[in-house]
Protein chains: 2
Amino acid sequence: MSSGNRPRIRAAGRTRGVPEATVARLPVYLRALHALADAGHDTVSSEELAVAAGVNSAKLRKDLSHLGSYGTRGVGYEVALLVDQISRALGLTQRWAVVLVGVGNLGHALAGYAGFASRGFRIAALFDADAERVGERIAGQDVRHIDDLDRVVAEEQVSIGVIATPADAAQEVADRLVEAGVTSILNFAPCVLQVPDGVDVRKVDLALELQILSFHEQRKADSAGTVTPLPASHVDAREVVGQ
Amino acid sequence: MSSGNRPRIRAAGRTRGVPEATVARLPVYLRALHALADAGHDTVSSEELAVAAGVNSAKLRKDLSHLGSYGTRGVGYEVALLVDQISRALGLTQRWAVVLVGVGNLGHALAGYAGFASRGFRIAALFDADAERVGERIAGQDVRHIDDLDRVVAEEQVSIGVIATPADAAQEVADRLVEAGVTSILNFAPCVLQVPDGVDVRKVDLALELQILSFHEQRKADSAGTVTPLPASHVDAREVVGQ
DNA sequence: AAATGTGAAGACATTCACAGCA
DNA sequence: TGCTGTGAATGTCTTCACATTT
(Lines give C-alpha, C1' and ligand atoms only; values in the text may rest on other atoms or scores of the structure.)
Protein backbone atom coordinates (compact mmCIF):
# COMPACT_ATOMS: atom_id res chain seq x y z
CA MET A 1 0.00 0.00 0.00
CA SER A 2 1.66 3.20 1.27
CA SER A 3 -0.63 5.14 -1.03
CA GLY A 4 1.77 6.91 -3.36
CA ASN A 5 4.79 8.26 -1.54
CA ARG A 6 4.55 11.88 -2.69
CA PRO A 7 1.24 13.72 -2.40
CA ARG A 8 2.08 15.60 -5.60
CA ILE A 9 0.91 19.07 -4.74
CA ARG A 10 -0.94 20.37 -7.72
CA ALA A 11 -1.11 24.00 -6.83
CA ALA A 12 -0.64 26.49 -4.06
CA GLY A 13 -3.35 28.99 -3.40
CA ARG A 14 -5.24 30.55 -6.27
CA THR A 15 -3.77 28.71 -9.22
CA ARG A 16 -5.53 29.40 -12.47
CA GLY A 17 -4.06 26.05 -13.49
CA VAL A 18 -3.65 26.39 -17.21
CA PRO A 19 -2.61 22.95 -18.51
CA GLU A 20 0.87 22.79 -19.98
CA ALA A 21 -0.46 21.57 -23.33
CA THR A 22 -2.64 24.64 -23.49
CA VAL A 23 0.19 26.99 -22.58
CA ALA A 24 2.22 25.60 -25.46
CA ARG A 25 -0.54 26.50 -27.90
CA LEU A 26 -1.31 30.00 -26.65
CA PRO A 27 1.60 31.56 -28.58
CA VAL A 28 0.22 30.00 -31.75
CA TYR A 29 -3.21 31.49 -31.15
CA LEU A 30 -1.61 34.81 -30.39
CA ARG A 31 0.24 34.83 -33.66
CA ALA A 32 -2.88 33.86 -35.60
CA LEU A 33 -4.81 36.62 -33.88
CA HIS A 34 -2.21 39.20 -34.80
CA ALA A 35 -2.46 38.09 -38.39
CA LEU A 36 -6.25 38.34 -38.28
CA ALA A 37 -6.06 41.79 -36.74
CA ASP A 38 -3.70 42.92 -39.47
CA ALA A 39 -6.15 41.56 -42.02
CA GLY A 40 -8.82 43.78 -40.52
CA HIS A 41 -10.90 41.28 -38.56
CA ASP A 42 -12.56 42.60 -35.44
CA THR A 43 -14.14 39.38 -34.31
CA VAL A 44 -13.42 35.76 -35.03
CA SER A 45 -15.25 32.50 -34.40
CA SER A 46 -13.58 29.54 -32.74
CA GLU A 47 -13.82 27.72 -36.04
CA GLU A 48 -12.00 30.43 -38.01
CA LEU A 49 -9.31 30.91 -35.41
CA ALA A 50 -8.85 27.18 -35.09
CA VAL A 51 -8.21 26.87 -38.82
CA ALA A 52 -5.71 29.73 -38.71
CA ALA A 53 -3.90 28.09 -35.83
CA GLY A 54 -4.00 24.58 -37.23
CA VAL A 55 -6.03 22.95 -34.46
CA ASN A 56 -9.64 21.87 -34.16
CA SER A 57 -12.22 24.21 -32.76
CA ALA A 58 -13.19 22.14 -29.72
CA LYS A 59 -9.61 22.17 -28.54
CA LEU A 60 -9.34 25.88 -29.13
CA ARG A 61 -12.46 26.61 -27.12
CA LYS A 62 -11.35 24.39 -24.27
CA ASP A 63 -7.95 26.08 -24.27
CA LEU A 64 -9.43 29.55 -24.18
CA SER A 65 -11.90 28.55 -21.49
CA HIS A 66 -8.92 28.07 -19.16
CA LEU A 67 -8.20 31.78 -19.39
CA GLY A 68 -11.76 32.84 -18.71
CA SER A 69 -14.94 33.54 -20.64
CA TYR A 70 -14.02 36.07 -23.27
CA GLY A 71 -16.28 35.04 -26.12
CA THR A 72 -19.83 35.99 -26.98
CA ARG A 73 -22.23 33.16 -27.73
CA GLY A 74 -23.63 33.37 -31.19
CA VAL A 75 -20.93 35.79 -32.23
CA GLY A 76 -17.39 34.73 -31.47
CA TYR A 77 -14.37 36.40 -29.91
CA GLU A 78 -13.30 40.00 -30.15
CA VAL A 79 -9.81 39.83 -31.61
CA ALA A 80 -8.30 42.73 -29.67
CA LEU A 81 -9.66 41.49 -26.36
CA LEU A 82 -8.35 38.00 -26.95
CA VAL A 83 -4.91 39.31 -27.87
CA ASP A 84 -4.86 41.17 -24.56
CA GLN A 85 -5.99 38.22 -22.51
CA ILE A 86 -3.57 35.75 -24.05
CA SER A 87 -0.72 38.25 -23.77
CA ARG A 88 -1.54 38.72 -20.14
CA ALA A 89 -1.77 34.99 -19.49
CA LEU A 90 1.62 34.45 -21.10
CA GLY A 91 3.20 37.26 -19.12
CA LEU A 92 3.89 39.30 -22.22
CA THR A 93 2.59 42.55 -20.80
CA GLN A 94 6.10 43.11 -19.61
CA ARG A 95 9.18 43.00 -21.81
CA TRP A 96 11.56 40.32 -20.57
CA ALA A 97 15.30 40.84 -20.62
CA VAL A 98 17.21 37.91 -22.08
CA VAL A 99 20.89 37.09 -22.22
CA LEU A 100 22.37 34.97 -24.97
CA VAL A 101 25.47 32.91 -24.31
CA GLY A 102 27.51 31.60 -27.23
CA VAL A 103 27.86 33.62 -30.40
CA GLY A 104 28.96 30.93 -32.82
CA ASN A 105 27.06 30.06 -35.95
CA LEU A 106 23.71 29.64 -34.27
CA GLY A 107 24.18 32.31 -31.61
CA HIS A 108 24.83 34.81 -34.35
CA ALA A 109 21.58 33.95 -36.03
CA LEU A 110 19.65 34.11 -32.77
CA ALA A 111 21.15 37.48 -31.87
CA GLY A 112 19.83 38.81 -35.15
CA TYR A 113 16.46 37.12 -34.96
CA ALA A 114 13.81 39.82 -35.23
CA GLY A 115 11.11 37.57 -33.82
CA PHE A 116 12.44 37.94 -30.27
CA ALA A 117 12.17 41.71 -30.16
CA SER A 118 8.78 41.72 -31.82
CA ARG A 119 7.34 39.25 -29.34
CA GLY A 120 8.17 40.82 -26.04
CA PHE A 121 11.80 39.97 -25.50
CA ARG A 122 14.82 42.22 -25.32
CA ILE A 123 18.30 40.83 -25.74
CA ALA A 124 20.11 42.56 -22.91
CA ALA A 125 23.56 41.20 -23.69
CA LEU A 126 25.58 38.67 -25.66
CA PHE A 127 28.28 36.55 -24.04
CA ASP A 128 31.02 34.23 -25.12
CA ALA A 129 33.84 32.47 -23.36
CA ASP A 130 36.21 32.89 -26.29
CA ALA A 131 38.40 35.98 -25.78
CA GLU A 132 38.74 36.24 -29.56
CA ARG A 133 35.07 36.93 -29.86
CA VAL A 134 34.70 39.38 -27.00
CA GLY A 135 34.28 42.90 -28.30
CA GLU A 136 32.86 41.74 -31.62
CA ARG A 137 29.74 43.66 -32.56
CA ILE A 138 26.64 41.66 -33.44
CA ALA A 139 23.22 43.11 -34.13
CA GLY A 140 24.09 46.33 -32.37
CA GLN A 141 25.53 44.66 -29.27
CA ASP A 142 29.09 44.18 -28.12
CA VAL A 143 29.92 40.61 -27.22
CA ARG A 144 31.00 40.47 -23.56
CA HIS A 145 33.05 37.99 -21.68
CA ILE A 146 31.11 35.45 -19.70
CA ASP A 147 32.73 36.63 -16.49
CA ASP A 148 30.55 39.74 -16.70
CA LEU A 149 27.42 37.61 -16.55
CA ASP A 150 26.65 38.12 -12.87
CA ARG A 151 26.84 41.87 -13.10
CA VAL A 152 24.70 42.18 -16.21
CA VAL A 153 22.04 39.79 -14.96
CA ALA A 154 21.74 41.75 -11.74
CA GLU A 155 21.84 45.18 -13.35
CA GLU A 156 19.38 44.43 -16.12
CA GLN A 157 17.09 42.19 -14.09
CA VAL A 158 17.51 39.30 -16.48
CA SER A 159 15.51 36.19 -15.71
CA ILE A 160 15.84 34.28 -18.99
CA GLY A 161 19.02 32.90 -20.53
CA VAL A 162 19.56 31.35 -23.92
CA ILE A 163 22.38 28.83 -24.38
CA ALA A 164 23.82 28.50 -27.86
CA THR A 165 27.20 27.03 -27.02
CA PRO A 166 28.60 23.65 -27.98
CA ALA A 167 27.23 20.78 -25.90
CA ASP A 168 30.35 20.35 -23.80
CA ALA A 169 30.15 23.92 -22.51
CA ALA A 170 26.42 24.02 -21.90
CA GLN A 171 26.22 22.60 -18.38
CA GLU A 172 28.89 24.99 -17.12
CA VAL A 173 27.06 27.90 -18.71
CA ALA A 174 23.79 26.75 -17.19
CA ASP A 175 25.41 26.61 -13.76
CA ARG A 176 26.69 30.14 -14.18
CA LEU A 177 23.32 31.41 -15.38
CA VAL A 178 21.57 29.88 -12.39
CA GLU A 179 24.25 31.22 -10.07
CA ALA A 180 23.72 34.67 -11.53
CA GLY A 181 20.01 34.47 -10.82
CA VAL A 182 18.48 33.34 -14.10
CA THR A 183 15.43 31.13 -13.53
CA SER A 184 14.47 30.14 -17.08
CA ILE A 185 16.76 28.67 -19.69
CA LEU A 186 16.26 28.00 -23.37
CA ASN A 187 18.85 25.44 -24.39
CA PHE A 188 19.98 24.97 -27.98
CA ALA A 189 22.92 22.78 -27.06
CA PRO A 190 22.25 19.10 -27.76
CA CYS A 191 22.51 17.83 -24.21
CA VAL A 192 20.50 17.36 -21.03
CA LEU A 193 20.97 20.09 -18.46
CA GLN A 194 20.94 19.57 -14.73
CA VAL A 195 19.33 22.49 -12.90
CA PRO A 196 17.89 23.01 -9.41
CA ASP A 197 14.17 22.98 -8.69
CA GLY A 198 12.51 26.24 -9.52
CA VAL A 199 14.51 26.70 -12.70
CA ASP A 200 12.70 25.90 -15.94
CA VAL A 201 14.54 24.52 -18.92
CA ARG A 202 13.23 24.18 -22.42
CA LYS A 203 15.23 22.49 -25.10
CA VAL A 204 15.33 23.13 -28.82
CA ASP A 205 17.16 20.38 -30.63
CA LEU A 206 17.53 20.74 -34.36
CA ALA A 207 18.82 17.28 -35.17
CA LEU A 208 16.24 15.68 -32.90
CA GLU A 209 13.42 17.09 -34.96
CA LEU A 210 14.93 15.64 -38.11
CA GLN A 211 15.30 12.28 -36.42
CA ILE A 212 11.60 12.28 -35.59
CA LEU A 213 10.82 13.04 -39.22
CA SER A 214 13.17 10.24 -40.20
CA PHE A 215 11.09 7.83 -38.15
CA HIS A 216 7.93 8.76 -40.01
CA GLU A 217 9.65 8.75 -43.38
CA GLN A 218 10.77 5.23 -42.74
CA ARG A 219 7.27 4.20 -41.78
CA LYS A 220 5.95 5.64 -45.01
CA ALA A 221 8.65 4.00 -47.08
CA ASP A 222 8.01 0.66 -45.37
CA SER A 223 4.27 0.66 -45.86
CA ALA A 224 4.68 1.79 -49.46
CA GLY A 225 7.02 -1.11 -50.16
CA THR A 226 4.80 -3.65 -48.41
CA VAL A 227 1.72 -5.32 -49.83
CA THR A 228 -0.63 -2.51 -48.84
CA PRO A 229 -0.44 0.45 -51.18
CA LEU A 230 -3.06 2.30 -49.10
CA PRO A 231 -5.23 4.03 -51.71
CA ALA A 232 -6.02 7.68 -51.22
CA SER A 233 -7.24 7.94 -47.64
CA HIS A 234 -3.75 7.57 -46.29
CA VAL A 235 -3.31 6.63 -42.68
CA ASP A 236 -1.02 9.54 -41.91
CA ALA A 237 -3.78 12.01 -41.28
CA ARG A 238 -2.36 12.42 -37.82
CA GLU A 239 -1.52 15.91 -36.71
CA VAL A 240 2.15 16.35 -36.19
CA VAL A 241 2.27 20.06 -35.71
CA GLY A 242 1.62 20.10 -32.00
CA GLN A 243 5.28 19.85 -30.95
CA MET B 1 -25.41 8.13 -31.21
CA SER B 2 -23.69 7.40 -34.54
CA SER B 3 -20.75 6.12 -32.55
CA GLY B 4 -17.88 8.41 -33.50
CA ASN B 5 -18.05 9.45 -37.10
CA ARG B 6 -14.54 8.49 -38.15
CA PRO B 7 -13.25 4.99 -37.36
CA ARG B 8 -9.78 6.50 -36.81
CA ILE B 9 -7.63 3.84 -38.37
CA ARG B 10 -4.77 3.34 -36.02
CA ALA B 11 -2.42 1.43 -38.23
CA ALA B 12 -2.11 -0.35 -41.50
CA GLY B 13 -0.67 -3.83 -41.59
CA ARG B 14 2.15 -4.75 -39.25
CA THR B 15 2.57 -1.61 -37.22
CA ARG B 16 4.92 -1.92 -34.34
CA GLY B 17 3.01 1.12 -33.08
CA VAL B 18 5.63 3.07 -31.23
CA PRO B 19 3.77 5.89 -29.44
CA GLU B 20 4.60 9.37 -30.64
CA ALA B 21 5.73 10.46 -27.19
CA THR B 22 8.23 7.61 -27.20
CA VAL B 23 9.51 8.44 -30.68
CA ALA B 24 10.24 11.97 -29.53
CA ARG B 25 12.46 10.63 -26.75
CA LEU B 26 14.38 8.03 -28.71
CA PRO B 27 16.83 10.61 -30.11
CA VAL B 28 17.59 11.71 -26.57
CA TYR B 29 18.34 8.15 -25.51
CA LEU B 30 20.47 7.70 -28.58
CA ARG B 31 22.56 10.73 -27.75
CA ALA B 32 22.99 9.62 -24.15
CA LEU B 33 24.04 6.18 -25.32
CA HIS B 34 26.65 7.62 -27.64
CA ALA B 35 28.04 9.64 -24.75
CA LEU B 36 28.12 6.53 -22.57
CA ALA B 37 29.84 4.54 -25.30
CA ASP B 38 32.46 7.27 -25.67
CA ALA B 39 32.98 7.13 -21.92
CA GLY B 40 33.76 3.44 -22.23
CA HIS B 41 30.56 1.87 -20.90
CA ASP B 42 29.62 -1.48 -22.41
CA THR B 43 26.39 -1.97 -20.53
CA VAL B 44 24.01 0.38 -18.79
CA SER B 45 21.04 -0.03 -16.47
CA SER B 46 17.73 1.64 -17.10
CA GLU B 47 18.38 3.76 -14.04
CA GLU B 48 21.74 5.06 -15.29
CA LEU B 49 20.50 5.71 -18.80
CA ALA B 50 17.41 7.41 -17.47
CA VAL B 51 19.51 9.84 -15.45
CA ALA B 52 21.70 10.57 -18.46
CA ALA B 53 18.63 11.24 -20.57
CA GLY B 54 16.79 13.25 -17.95
CA VAL B 55 13.74 10.98 -17.59
CA ASN B 56 12.66 8.46 -14.98
CA SER B 57 13.58 4.84 -15.35
CA ALA B 58 10.06 3.46 -15.60
CA LYS B 59 9.39 5.64 -18.58
CA LEU B 60 12.65 4.66 -20.16
CA ARG B 61 11.92 0.95 -19.81
CA LYS B 62 8.42 1.34 -21.16
CA ASP B 63 9.77 3.30 -24.10
CA LEU B 64 12.41 0.71 -24.91
CA SER B 65 9.91 -2.10 -24.52
CA HIS B 66 8.10 -0.74 -27.57
CA LEU B 67 11.14 -1.54 -29.67
CA GLY B 68 11.49 -5.06 -28.36
CA SER B 69 13.25 -6.89 -25.54
CA TYR B 70 16.86 -5.91 -25.77
CA GLY B 71 17.83 -5.88 -22.12
CA THR B 72 19.06 -8.62 -19.83
CA ARG B 73 17.32 -8.98 -16.50
CA GLY B 74 19.64 -8.52 -13.60
CA VAL B 75 22.23 -6.85 -15.85
CA GLY B 76 20.94 -4.04 -18.01
CA TYR B 77 21.29 -3.09 -21.65
CA GLU B 78 24.27 -3.58 -23.91
CA VAL B 79 25.09 -0.08 -25.12
CA ALA B 80 26.13 -0.99 -28.65
CA LEU B 81 23.08 -3.16 -29.22
CA LEU B 82 20.74 -0.48 -27.99
CA VAL B 83 22.37 2.12 -30.23
CA ASP B 84 21.73 -0.18 -33.16
CA GLN B 85 18.14 -0.87 -32.27
CA ILE B 86 17.21 2.73 -31.66
CA SER B 87 18.99 3.82 -34.83
CA ARG B 88 17.08 1.22 -36.76
CA ALA B 89 13.77 2.21 -35.20
CA LEU B 90 14.38 5.85 -36.08
CA GLY B 91 15.34 4.99 -39.64
CA LEU B 92 18.89 6.22 -39.18
CA THR B 93 20.53 3.23 -40.79
CA GLN B 94 20.23 5.14 -44.00
CA ARG B 95 21.53 8.64 -44.55
CA TRP B 96 18.69 10.96 -45.50
CA ALA B 97 19.16 13.68 -48.07
CA VAL B 98 17.82 17.04 -46.96
CA VAL B 99 17.28 20.31 -48.79
CA LEU B 100 17.38 23.62 -47.01
CA VAL B 101 15.38 26.55 -48.37
CA GLY B 102 16.22 30.07 -47.25
CA VAL B 103 19.79 31.07 -46.51
CA GLY B 104 19.23 34.16 -44.43
CA ASN B 105 20.52 34.55 -40.92
CA LEU B 106 19.09 31.30 -39.62
CA GLY B 107 19.50 29.32 -42.84
CA HIS B 108 23.18 30.14 -42.79
CA ALA B 109 23.53 28.77 -39.29
CA LEU B 110 21.59 25.63 -40.15
CA ALA B 111 23.67 25.04 -43.27
CA GLY B 112 26.76 25.06 -41.10
CA TYR B 113 25.30 23.01 -38.27
CA ALA B 114 27.54 20.02 -37.76
CA GLY B 115 24.88 18.13 -35.83
CA PHE B 116 22.97 17.29 -38.99
CA ALA B 117 25.81 15.53 -40.73
CA SER B 118 26.85 13.70 -37.59
CA ARG B 119 23.35 12.37 -36.98
CA GLY B 120 22.49 10.79 -40.27
CA PHE B 121 21.53 13.69 -42.48
CA ARG B 122 23.18 15.03 -45.58
CA ILE B 123 22.40 18.49 -46.83
CA ALA B 124 21.98 17.84 -50.53
CA ALA B 125 21.44 21.44 -51.56
CA LEU B 126 20.72 24.98 -50.42
CA PHE B 127 18.08 27.14 -52.07
CA ASP B 128 16.98 30.72 -52.01
CA ALA B 129 14.53 32.76 -54.02
CA ASP B 130 16.72 35.86 -53.93
CA ALA B 131 18.81 36.06 -57.11
CA GLU B 132 21.41 38.05 -55.13
CA ARG B 133 22.09 35.06 -52.98
CA VAL B 134 22.20 32.43 -55.70
CA GLY B 135 25.74 31.32 -56.32
CA GLU B 136 26.92 32.29 -52.87
CA ARG B 137 28.97 29.55 -51.27
CA ILE B 138 27.95 28.37 -47.79
CA ALA B 139 29.46 25.46 -45.92
CA GLY B 140 30.88 24.02 -49.11
CA GLN B 141 27.66 24.29 -51.09
CA ASP B 142 26.59 26.69 -53.80
CA VAL B 143 23.24 28.32 -53.14
CA ARG B 144 20.86 27.45 -55.96
CA HIS B 145 17.76 29.11 -57.21
CA ILE B 146 14.52 27.67 -55.96
CA ASP B 147 13.44 26.92 -59.50
CA ASP B 148 15.96 24.07 -59.51
CA LEU B 149 14.18 22.43 -56.60
CA ASP B 150 12.25 19.84 -58.60
CA ARG B 151 15.31 18.60 -60.40
CA VAL B 152 17.49 18.31 -57.31
CA VAL B 153 14.83 16.59 -55.23
CA ALA B 154 14.33 14.02 -57.96
CA GLU B 155 18.01 13.49 -58.71
CA GLU B 156 19.14 13.23 -55.11
CA GLN B 157 16.10 11.37 -53.82
CA VAL B 158 15.37 14.00 -51.23
CA SER B 159 12.46 13.31 -48.92
CA ILE B 160 13.03 15.93 -46.22
CA GLY B 161 12.94 19.70 -46.61
CA VAL B 162 13.88 22.39 -44.13
CA ILE B 163 12.23 25.80 -44.40
CA ALA B 164 14.18 28.75 -43.03
CA THR B 165 12.53 31.55 -44.95
CA PRO B 166 10.51 34.47 -43.61
CA ALA B 167 6.97 33.55 -42.62
CA ASP B 168 5.34 35.12 -45.64
CA ALA B 169 7.29 32.91 -48.04
CA ALA B 170 6.96 29.67 -46.11
CA GLN B 171 3.65 28.39 -47.46
CA GLU B 172 4.74 28.88 -51.05
CA VAL B 173 7.98 27.08 -50.35
CA ALA B 174 6.10 24.26 -48.65
CA ASP B 175 3.87 23.91 -51.70
CA ARG B 176 6.89 23.69 -53.96
CA LEU B 177 8.59 21.16 -51.72
CA VAL B 178 5.51 18.95 -51.69
CA GLU B 179 5.11 19.37 -55.44
CA ALA B 180 8.72 18.29 -55.89
CA GLY B 181 8.09 15.14 -53.90
CA VAL B 182 9.25 15.98 -50.39
CA THR B 183 7.15 14.22 -47.74
CA SER B 184 8.60 15.61 -44.51
CA ILE B 185 9.11 19.24 -43.64
CA LEU B 186 10.90 20.90 -40.78
CA ASN B 187 9.56 24.44 -40.53
CA PHE B 188 11.48 27.23 -38.83
CA ALA B 189 9.21 29.95 -40.18
CA PRO B 190 6.78 31.23 -37.55
CA CYS B 191 3.56 30.23 -39.26
CA VAL B 192 1.17 27.32 -39.71
CA LEU B 193 1.70 25.34 -42.89
CA GLN B 194 -1.04 23.72 -44.89
CA VAL B 195 0.06 20.42 -46.41
CA PRO B 196 -1.73 17.41 -47.90
CA ASP B 197 -2.24 14.18 -45.98
CA GLY B 198 0.80 12.00 -46.01
CA VAL B 199 3.17 14.90 -45.53
CA ASP B 200 4.58 15.38 -42.04
CA VAL B 201 5.39 18.80 -40.71
CA ARG B 202 7.31 19.63 -37.59
CA LYS B 203 7.68 23.16 -36.40
CA VAL B 204 10.52 24.78 -34.51
CA ASP B 205 9.54 28.16 -33.22
CA LEU B 206 12.16 30.09 -31.34
CA ALA B 207 9.98 32.88 -30.00
CA LEU B 208 7.29 30.41 -28.99
CA GLU B 209 9.65 28.66 -26.63
CA LEU B 210 10.52 31.95 -24.97
CA GLN B 211 6.86 32.73 -24.60
CA ILE B 212 6.30 29.48 -22.78
CA LEU B 213 9.16 30.33 -20.45
CA SER B 214 7.62 33.74 -19.97
CA PHE B 215 4.44 32.10 -18.74
CA HIS B 216 6.31 30.17 -16.07
CA GLU B 217 8.43 33.15 -15.10
CA GLN B 218 5.29 35.12 -14.48
CA ARG B 219 3.85 32.34 -12.37
CA LYS B 220 6.99 32.29 -10.25
CA ALA B 221 7.03 36.07 -9.92
CA ASP B 222 3.37 36.08 -8.92
CA SER B 223 3.63 33.41 -6.28
CA ALA B 224 6.77 35.02 -4.86
CA GLY B 225 4.99 38.35 -4.51
CA THR B 226 1.82 36.88 -3.03
CA VAL B 227 1.16 36.00 0.60
CA THR B 228 2.52 32.49 0.26
CA PRO B 229 6.31 32.41 0.31
CA LEU B 230 6.15 28.62 -0.15
CA PRO B 231 8.92 27.35 2.14
CA ALA B 232 11.39 24.93 0.67
CA SER B 233 9.28 22.27 -1.01
CA HIS B 234 8.49 24.60 -3.85
CA VAL B 235 5.63 23.74 -6.13
CA ASP B 236 7.72 24.01 -9.25
CA ALA B 237 9.17 20.55 -8.98
CA ARG B 238 7.45 19.84 -12.24
CA GLU B 239 9.55 18.43 -15.03
CA VAL B 240 9.74 20.81 -17.91
CA VAL B 241 12.49 19.18 -19.84
CA GLY B 242 10.29 16.84 -21.81
CA GLN B 243 9.75 19.37 -24.62
C1' DA C 1 20.40 -10.26 -5.87
C1' DA C 2 19.55 -7.22 -9.36
C1' DA C 3 17.27 -5.28 -13.02
C1' DT C 4 14.05 -5.91 -16.94
C1' DG C 5 9.40 -5.98 -18.91
C1' DT C 6 4.60 -5.17 -18.18
C1' DG C 7 -0.34 -5.36 -16.47
C1' DA C 8 -3.06 -2.13 -13.92
C1' DA C 9 -3.95 2.38 -11.97
C1' DG C 10 -3.80 6.99 -12.30
C1' DA C 11 -3.08 11.46 -14.49
C1' DC C 12 -3.57 14.12 -18.31
C1' DA C 13 -5.32 15.56 -22.93
C1' DT C 14 -8.53 15.48 -26.70
C1' DT C 15 -12.87 15.09 -28.65
C1' DC C 16 -17.80 14.73 -28.52
C1' DA C 17 -22.17 16.58 -28.11
C1' DC C 18 -25.24 19.63 -26.31
C1' DA C 19 -27.13 22.96 -22.76
C1' DG C 20 -27.25 27.69 -22.41
C1' DC C 21 -26.89 32.24 -23.88
C1' DA C 22 -26.73 36.34 -27.12
C1' DT D 1 -30.36 30.75 -35.08
C1' DG D 2 -25.37 30.47 -34.18
C1' DC D 3 -21.70 29.94 -31.43
C1' DT D 4 -19.59 29.57 -26.90
C1' DG D 5 -18.47 27.00 -22.81
C1' DT D 6 -18.34 22.60 -20.61
C1' DG D 7 -19.68 17.99 -18.55
C1' DA D 8 -18.93 13.36 -20.06
C1' DA D 9 -16.61 9.98 -22.89
C1' DT D 10 -12.71 8.57 -24.99
C1' DG D 11 -7.95 8.23 -25.87
C1' DT D 12 -3.07 8.69 -24.69
C1' DC D 13 0.85 8.97 -21.57
C1' DT D 14 3.02 8.23 -17.18
C1' DT D 15 3.84 5.94 -13.07
C1' DC D 16 3.48 2.19 -9.90
C1' DA D 17 4.61 -2.15 -8.32
C1' DC D 18 5.86 -6.71 -8.96
C1' DA D 19 6.29 -11.24 -11.46
C1' DT D 20 9.92 -12.86 -14.17
C1' DT D 21 14.39 -13.83 -15.69
C1' DT D 22 19.39 -14.02 -15.59
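What you are looking at is a predicted structure, and each value in this text was computed from that prediction instead of being measured. Lettering follows sequence order; numbering is per chain, from 1.
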Q | For B/F116, all residues meeting ring-ring contact (aromatic ring centres under 6.0 Å, His included), sequence neighbours excluded | A |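 Testing B/F116 for ring-ring contact (aromatic ring centres under 6.0 Å, His included), a comparison that skips the adjacent residues, returns B/Y113.
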Terminal axes of the helix from C/dA1-D/dT22 to C/dA22-D/dT1 (5 end pairs apiece), angle rounded to 10 degrees, sit apart by 10°
To the nearest Å, how far apart are [X] [atom1] and [N] [atom2]?
| X | N | atom1 | atom2 | value |
| --- | --- | --- | --- | --- |
| B/E20 | D/dG11 | CD | C1' | 15 Å |
| A/E78 | C/dA22 | CD | C1' | 15 Å |
| B/K59 | C/dT4 | NZ | C1' | 18 Å |
| B/D63 | C/dG5 | CG | C1' | 13 Å |
| A/L60 | C/dT14 | CG | P | 12 Å |
| A/H66 | C/dT14 | NE2 | P | 10 Å |
| B/R25 | D/dT12 | CZ | P | 15 Å |

* With sequence neighbours left out, what residues match A/A52 under side chain to side chain contact (heavy atoms under 4.5 Å, CB included)? ->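 Residues passing side chain to side chain contact (heavy atoms under 4.5 Å, CB included) with A/A52: A/A32.
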Counterpart residues, side chain to side chain contact (heavy atoms under 4.5 Å, CB included), relative to A/A167 (two or more places apart)
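Testing A/A167 for side chain to side chain contact (heavy atoms under 4.5 Å, CB included), a comparison that skips the adjacent residues, returns A/P190, A/C191.
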Residue pairs meeting side chain to side chain donor-acceptor pair (under 3.5 Å), one or both in residues 89-99 of chain B, sequence neighbours left out, come to A/S214-B/W96
Mind checking whether B/L92 and B/R119 have side chains closer than 4.5 Å, heavy atoms only?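 A side-chain contact is absent here, since even the closest heavy-atom pair is not under 4.5 Å.
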Sequence neighbours excluded and cut-off under 3.5 Å, please list the side-chain donor-acceptor pairs for residues 69-81 of chain A, or say none.
from	atom 1	to	atom 2	distance (Å)
A/Y70	OH	A/L67	O	3.4
A/Y70	OH	A/Q85	OE1	3.1

* Taking only side-chain nitrogens and oxygens of B/N56, does any of them come within less than 4.0 Å of OP1 or OP2 of D/dT14? ->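 So the side chain of B/N56 is outside the cut-off, no N or O lying under 4.0 Å from OP1 or OP2 of D/dT14.
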Protein-proximity profile, nucleotides 1-8 of chain D, B/S/- by nucleotide at the 4.0 Å heavy-atom cutoff, equals -BBBBBBB
query: Between A/Q194 and A/Q171, is there a donor-acceptor pair closer than 3.5 Å when you use the side chain of the first and the backbone of the second?
result: no
By salt bridge (Lys or Arg N to Asp or Glu O under 4.0 Å), A/E217 pairs with (sequence neighbours left out) A/K220
For B/E172, all residues meeting salt bridge (Lys or Arg N to Asp or Glu O under 4.0 Å), sequence neighbours excluded: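 B/E172: salt bridge (Lys or Arg N to Asp or Glu O under 4.0 Å) contacts with B/R176.
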